[in-house]
Structure formats: C-alpha cells, structure tokens
Amino acid sequence: MEEHQVVPDVIDAAPTASVLVKFGDLEINNGTVLTPTQTKAPPTHLAWPCEDDALYTLCLTDPDAPSRKAPKFREWHHWLVVNIPGCEVNDGETLSQYVGSGPPKGTGLHRYVYLVYKQNGKLTCDEPRLTNTSGANRGCFSIRKFAGKYNLELIAGNFYRAEYDSYCEELYKQLKG
C-alpha cells in the first residue's frame, strides 16, 4: 500500500491483514490491474479476519477522482456498508450501493481501495443512503474522517487498479439515474 501511496493518500498506516477480494476467478492483491468490465458487479467473494459477534464496516473508495494527477474529488466512494456481522456483507446495512470502477478516459490507472474496519458496536449513521444509479454525494468523501466519526478500527485492506474501458460509458449512463 505504501508503494502505490494508498498510505498516506487514503489511510495513515497499512493494516496488518488483507481483505480477500475475488471477482469470479480473479483475485486482487495490492495493486492487481483489472478492467472496469471485470469489476462492474460486486465481488463474488469477500473475506477478512473476523471475530464472532463483532460488527464491521466495508468501504471501497477511489482516491484518484477524476485523475491521480488532479484528485479534486478525492475520495469518490464506490461502496459503503456498516453493521456487517462477521464477513456477511449482504447482512450489513448498505449506506452506498456498489458502483463498479469508472475512471474517465485518459486519466490512467486509478486505485480502488477496499478497507474493513471493526466497529465498537452497532452504528446509527446519519449519512444519506445512496443507490447505484446516482453519483451524488459520493465525491469528496474521506474514509479517514468517516472512521474517526464512528471510532472505527482499521483491520484489513487491499486494492486493485483500473483504467477506462468501454464499459465506463454504460456506467456513466447508469449514474445519471
């Protein structure tokens, strides 16, 4: 995470554990390059070291919006789920529905960072609930501030990189609702 500057762009220090993220047979590993087409649907498998009876927060964020050279919308979050029992993401409370990678044409590789935080208990969040058909309220997000607000403990992370492909045009239409 240091090599690709996820630390310090997104988090202050790399977590000791990794989030296992698979898109079918494709597994990401700290900088794997995938295409937006390969990541248009949520991962088929997610796992991290978890404790019985603990709740977790999962975030997928892009610190390179609209480009790594000019990240004026840093961060643009693609997915945010809280109150996840163990690794059962589908049983958590979705604050922002999953939106796949969609880097603008000509902006190069973007970093898509998965982070998992342990919660101190069940969260009651006041953030707006976002569907996967709207890009509103996703830009200028800070997982660092969100984690601070809810006193979350970073336990695991991973990331992949992606750049524009033709699927992005479909995604842009989807986000216009």
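Below, each value reflects all heavy atoms present in this structure, side chains not excepted, and no hydrogens, waters or symmetry copies.
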Problem - T61 and H77: side chain donor to acceptor below 3.5 Å - result: no

Problem - V99-V81 co-clustered via ILVMFWY side chain contacts under 4.5 Å - result: no

Problem - P36 to C168 - nearest heavy-atom pair and separation - result: CG-SG, 3.7 Å

Fill in the blank from the handout: Looking only at heavy atoms, the pair that brings P66 and F73 closest together is CD-CD1, 3.6 Å

Practice task
In plain terms, say whether D62 and R138 are close enough for a salt bridge, that is, a side-chain N and a carboxylate O under 4.0 Å apart.
Solution key: no

Handout entry: OG1 on T44 to CZ on F23, rounded to 0.5 Å
Key = 8.0 Å

Exercise for the section: Can you measure from OG1 (T35) to CD (Q38) and round to the nearest 0.5 angstrom? Expected result: 3.5 Å

Exercise for the section: Locate the shortest heavy-atom distance separating V7 from A14; write the atom from each residue and the value. Expected result: CG2-N, 3.5 Å

Problem - ILVMFWY network linking V116 to V113, side-chain heavy atoms under 4.5 angstrom - result: no

Handout entry: Flag side-chain contact, heavy atom, 4.5 Å: V33 against L109
Key = yes

Handout entry: Heavy-atom donor-acceptor pair, R161 side chain to G31 backbone, under 3.5 Å
Key = yes

Exercise for the section: Please determine if D64 and K69 form a salt bridge, counting it only when a charged side-chain N lies under 4.0 Å from a carboxylate O. Expected result: no

Exercise for the section: Indicate yes or no: at least one non-hydrogen side-chain atom of I143 is less than 4.5 angstrom from one of V10. Expected result: yes

Exercise for the section: Treating Ile, Leu, Val, Met, Phe, Trp and Tyr as nodes and any side-chain heavy-atom pair under 4.5 angstrom as an edge, say whether L115 and L46 lie in one connected cluster. Expected result: no

Exercise for the section: Taking S18 for its side chain and N158 for its backbone only, find out whether a donor-acceptor pair lies under 3.5 Å. Expected result: no

Practice task
Take the angle between the ring planes of Y112 and H110 and call it parallel below 30°, perpendicular above 60°, tilted in between.
Solution key: parallel

Exercise for the section: Return yes if some donor-acceptor pair links the side-chain N/O of N137 with the main-chain N/O of P128 below 3.5 Å, else return no. Expected result: no

Practice task
Would you mind reporting whether W76 and C140 have side-chain heavy atoms less than 4.5 Å apart?
Solution key: no

Exercise for the section: Determine whether V89 and Y98 make a side-chain contact, defined as any pair of heavy atoms from C-beta on separated by less than 4.5 Å. Expected result: no

Problem - Side chain proximity check, C87 to I84, heavy atoms < 4.5 angstrom - result: no

Handout entry: Contact check, side chains of L123 and L152, non-hydrogen atoms, under 4.5 Å
Key = yes

Fill in the blank from the handout: Taken to the nearest 0.5 Å, the spacing of Y117 OH from C59 SG works out to 7.0 Å

Practice task
Quick one: closest heavy-atom pair of Y56 and G86, and the distance?
Solution key: CD1-O, 3.3 Å

Problem - Side-chain donor/acceptor of S134 to backbone N/O of T131, under 3.5 Å - result: no

Exercise for the section: Determine whether K22 and D25 make a side-chain contact, defined as any pair of heavy atoms from C-beta on separated by less than 4.5 Å. Expected result: no

Handout entry: Salt-bridge present (K149, E127; N to O < 4.0 Å)
Key = yes

Problem - Side-chain donor or acceptor of T94 paired with backbone N/O of S96 under 3.5 Å - result: no

Handout entry: Minimal non-hydrogen separation, P8 against R144, with atom names
Key = O-NH2, 2.8 Å

Handout entry: Under-4.0 Å salt bridge between R68 and E163
Key = no

Practice task
Working to the nearest 0.5 Å, report the span between CD of Q97 and OG1 of T133.
Solution key: 7.5 Å

Practice task
Please round to the nearest 0.5 Å and tell me the distance separating atom NE2 of H4 and atom CG of D9.
Solution key: 12.5 Å

Exercise for the section: Please report the C-alpha distance between K118 and W48 in whole Å, then the side-chain angles of each, then the deciding distance to 0.1 Å, and finally whether the side-chain contact (heavy atoms from CB on, under 4.5 Å) criterion is met. Expected result: CA-CA 11 Å; K118 184 177 176 189; W48 54 84; over 6 Å; no

Handout entry: Same cluster (ILVMFWY, side-chain, under 4.5 Å), L80 and L154
Key = yes

Exercise for the section: Dump the intermediate steps for side-chain contact (heavy atoms from CB on, under 4.5 Å) on F159 and Y114, then the final yes or no. Expected result: CA-CA 6 Å; F159 73 101; Y114 280 90; over 6 Å; no

Exercise for the section: To the nearest 0.5 Å, tell me how far E169 CD sits from L171 CG. Expected result: 9.5 Å

Handout entry: NZ/NE/NH1/NH2 to OD/OE distance under 4.0 Å, E93 and K122
Key = no

Exercise for the section: Examine V19 and L34 and state if one hydrophobic cluster contains both, with Ile, Leu, Val, Met, Phe, Trp and Tyr joined whenever side-chain heavy atoms are less than 4.5 Å apart. Expected result: yes

Practice task
Decide yes or no for Y164 and P104: does some side-chain heavy atom of the first lie under 4.5 Å from some side-chain heavy atom of the second?
Solution key: no

Exercise for the section: Measure from the side-chain N and O atoms of Q174 to the backbone N and O of N132, and report whether any donor-acceptor pair falls under 3.5 Å. Expected result: yes

Fill in the blank from the handout: Note: P63 and P71 closest approach over all heavy atoms is O-CB, 3.5 Å

Handout entry: Worked verdict on H45 versus V21 for side-chain contact (heavy atoms from CB on, under 4.5 Å)
Key = CA-CA 6 Å; H45 185 75; V21 182; over 6 Å; no

Practice task
Walk me through it: do S101 and Y160 pass the test side-chain hydrogen bond (donor to acceptor under 3.5 Å, both in side chains)?
Solution key: CA-CA 10 Å; S101 306; Y160 67 92; 2.5 Å; yes

